[in-house]
Amino acid sequence: MNTNLKQKTILIIEDEKTLRSILKTKLENNNFNVIEARNGKEGLETSLKKHPDLILLDIIMPIMDGMTMLKKLRKEGWGKDAQVMLLTNLDDTEKITKSNKQNVYDYLLKTDWSIDDLINKIKNKLK
Amino acid sequence: MFEKLNIRGKIMIPVLSLTIILLTSFVSYTYFLNTENRKEEIIREFEATTQLKTLHLQTVFELYRERAMMITSKTWLKNYLEEYLETSSDESLASLRDILLETQANNSKFLRILIIGVDGKIITSTNDQLINNNVSNEEWFIKSKNDYILSDFYETKNDGSRIYTAGPLYKNEKLIGVVAIGSNGISINEAINTNSDTKTSVETYLINSEGYMVTPSSFKEDVYLKEKVVTIIANTCFDHTREEGTPENHTAITKDYRGIDVLGTHSFIRGMNWCLINEIDESEIMTPIKKELTYTTINTTIVLLLFSIILNIIVKMISKPVSELLKGVSIIMKGNLDYKVGTKAKDEIGKLSRGFDKMIESLKKSRANIENKVKKQVKRIEENEYKMERQQKALLSIMEDMQEKNVITTIERDKNKIILDNIGDGVFVIDTQLNLVLINKVALSLCGYKSSSKVVGEKYNKILKFFNEKTGEKDSSFIDKAISTGKIQNMDQDIMLIRSDGKKIPVSDSAALLKDYDGKAIGCVVVFRDITQERIIDKTKTEFISLASHQLRTPLSIVKWYSETLLEDVKDFKDDQKEYLEEIHDGNQRMIKLVNALLNVSRLELGTFTIQPELLSITKIADRTIKEFSLLLKEKNIKFTKKYDELSKINLDEVLTHIIFQNLMSNAIKYTPIGGNVDLKIIHKKNKIEVSIKDNGMGIPKKQQGKIFTKLFRTDKVKKENIEGTGLGLYIVKSILDNCGGKIWFKSKEDKGSTFYVSFPIKGMRVKEGTKQLS
């Protein structure tokens, strides 16, 4: 109900501009408000400022990596319950285990997912 | 000291000592007294001789004076002188000289005669050279105007004259001149050196008022008025003339003008102011005294020697019975109880020795008694000794055997210890009570100890603290399990060892039960090693693989998502453009698969992948995979059948099981022509579950069947027909099955088809710890 009334905001934290760009286009086409960040540091600042409904988080990034950003986010008041989806190309059991401990249930490998399936997954999540 | 001496010594030493002291004192005293007396006697004698010589000298002086008187009394002489004084005629002078010459001719001792005027001028002389000389200042001349005098000695002139005798010439009580007679003074010498001097070194001489010798020396030549005598004797002699009250004689032992010790005395000749000095060498007067001492000493020594001999004889006589008794005692002490001293002496010592003999007799009797008893005892002891010796021998041979065994054991033990210490891994052994019984050097150093002596005997878990890194708790379950099950137990991957300094190190290896020959458990042996370095290397490798795959996937995902987006608007493209786009997309997909497959291969090869089995239905996983391929099956119009037994859930890793099905299904469809058949069967067989996937495709040529599971292998036919594939699928499947306890095999015939079989143990997959999952 709320979704109809208010546009959902998604924060993409991704260092690869082309990937950021296509995700933004696709999500905006699906009526989401999209904001971007180029690394963990920017992502953390933006999330705490804008309080997005969902954060799409890459892991390997310059300045501050995704796992560090997530750890810091979980320490902040708002960040404790923020919805985070890890969208990365790093398949690492350790990282998956760690991310589970940080309340993240989606660990998606970019190459495993077609862009449409990904959008559908996001839609389902924010329903 | 004195106590140690025998009787003879005790008598001899004091008596002899006393005698020597008394005799020495007596001799010394006598000698001293005698010497003094002798000296005094010699001095007295010497002084008397000196006086005598002085008197002789005085007599000679008188004689000299009388000679002068004799001439002055000559009337003829006075007359001629008076005449000459009045007339100064040459005739009277010649007459005067004639009288003088005549007088000289009559007296050989008159070397020269002078007639001197009152004014001191020599009027005439027997010696022409002296005429007209003036002697008015000469002392003797002045004195001779009043009296008959002797002059002092003077320098010798050519005629040998050395002394004048002078006297006045009176005529009618009026002094008209002086007569002087020069002579050589030999009479003076003769007066003081009389023949009565028997001593060889005696010397008597005169010195004038200035200290010069005027008589000849016995020891030196040419001393006349040249040798000045400055000795104590000479000095005291002249001092006596100046000081009143001092005796005119002085005798002393002192140095003479030669510097030799002499006994000297002097006598002052008044009127002449001369000194008569009489000296004798000290050595000469001391010789008889010294001789006397030597004689006395020799005599005393002889007396002493005789006394000692006599004393010795007497003492021997007294001590003989005592010595005999002593000899007897020493013989008896050596064990000869039959010896008898048997002294016949009737004194106390004789009685003593007879009593001693009796005492020995009774001693002999009691000794025989004791000996008898001792013999019996000895016999008994000997018997016992023999028994003991036999027992000892038996005991010794047992000990020797034991020692031999000990040596062998020690050698064995040392050998084992050397082997143990040189093993590169840590090794320790515990007994069933979990006490440490053996630990090698590597193990000691790994847990931070230096010496095994401190740790052996302790509970092993005090020293070797194993814990699980994941749980953070103590974990030596592998040891407990090895003991309880009797099977070799590997350590879990997360086992760490806490060293004595608190440092933690990752370790790995195994524990095994130790059994004796009867199969009874006696302990547990644990082998372990430090795997810190291995871990670092593993971590580096896996991180590299992860990052590499990440980097590869990024551009792949870009192409993937963009091509997908483009394909959505497919109506905007021409047919050939659409085809190109699809090729791009498919190629990208193949690349993604290849990257995943390569990543899996590397994880399999590194062993970093995990196997995390859980109770799952194998058919469900199979169905999910079939669903993934449904589109493809439809496209290729393949007739697919499946047949499952009724199966309960078993322990399976979902991801890995899925990979297995995926690969096998993919292959079956890929290599089967359109319209072919694929059959899947999952059946229960005894203690395993068997999966078979059968197709009627191209099959595998027989000669290449052996290589089918090798990495990157593809059959020639597949390559020829350009069928898409990585050559990694079967390799991955086999690796997974090898690791989780399953098996894979196949049957195939070229152009007829293949059947691939996979079996899982009914208890499920083996657990494997690792850091990475396969994808």
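Each chain gets a letter, A, B and so on, in the order its sequence line appears, and its residues count up from 1.
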| query | Looking at side-chain heavy atoms only, is the closest gap between Glu564(B) and Lys26(A) below 4.5 Å? | reply |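 With C-beta onward as the side chain, the pair stays apart.
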
(Q) Just so I know, are the side chains of Arg553(B) and Leu109(A) near enough to count as touching, which here means a heavy-atom distance under 4.5 Å? (A)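 Counting from C-beta outward, Arg553(B) and Leu109(A) do come under 4.5 Å.
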
Separation of [Y] [atom2] from [X] [atom1] (nearest 0.5 Å):
| X | Y | atom1 | atom2 | answer |
| --- | --- | --- | --- | --- |
| Ile115(A) | Thr565(B) | CD1 | OG1 | 5.5 Å |
| Ser114(A) | His585(B) | OG | NE2 | 7.5 Å |
| Glu568(B) | Asp116(A) | CD | CG | 4.0 Å |
| Lys110(A) | Trp561(B) | NZ | CH2 | 6.0 Å |
| Ile558(B) | Ser21(A) | CD1 | OG | 10.0 Å |
| Asn588(B) | Thr111(A) | CG | OG1 | 9.0 Å |

Is [X] close to chain B through its backbone or its side chain, or both, or neither, when contacts mean heavy atoms under 4.5 Å?
| X | result |
| --- | --- |
| Thr88(A) | side chain |
| Ile119(A) | neither |
| Leu23(A) | side chain |

Around atom [atom1] of [X], are there more than 12 heavy atoms of other residues, nucleotides or ligands at under 6.0 Å?
| X | atom1 | result |
| --- | --- | --- |
| Lys125(A) | NZ | yes |
| Lys670(B) | NZ | yes |
| Arg38(A) | CZ | no |
| Asp575(B) | CG | no |
| Met85(A) | CE | yes |
| Lys636(B) | NZ | yes |
| Phe573(B) | CZ | yes |

Under the ring pair (Phe, Tyr, Trp, His ring centres under 6.0 Å) test, which residues partner Tyr562(B), sequence neighbours left out?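 Ring pair (Phe, Tyr, Trp, His ring centres under 6.0 Å) check on Tyr562(B) returns nothing, list empty.
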
task: Would you kindly say whether Asn89(A) and Ser557(B) are connected by a side-chain donor-acceptor distance under 3.5 Å?
output: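 Judged by distance alone, the side chains do pair up.
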
- [ ] Look at Leu90(A), Ile60(A), Leu118(A) and state which one has the largest set of heavy-atom pairs under 4.5 Å with chain B.
- [x]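 Greatest number of close heavy-atom pairs with chain B: Ile60(A).
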
Choice from Leu552(B), Thr554(B), Leu556(B) maximising heavy atom contacts with chain A below 4.5 Å:
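Max contact count across the listed options: Thr554(B).
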
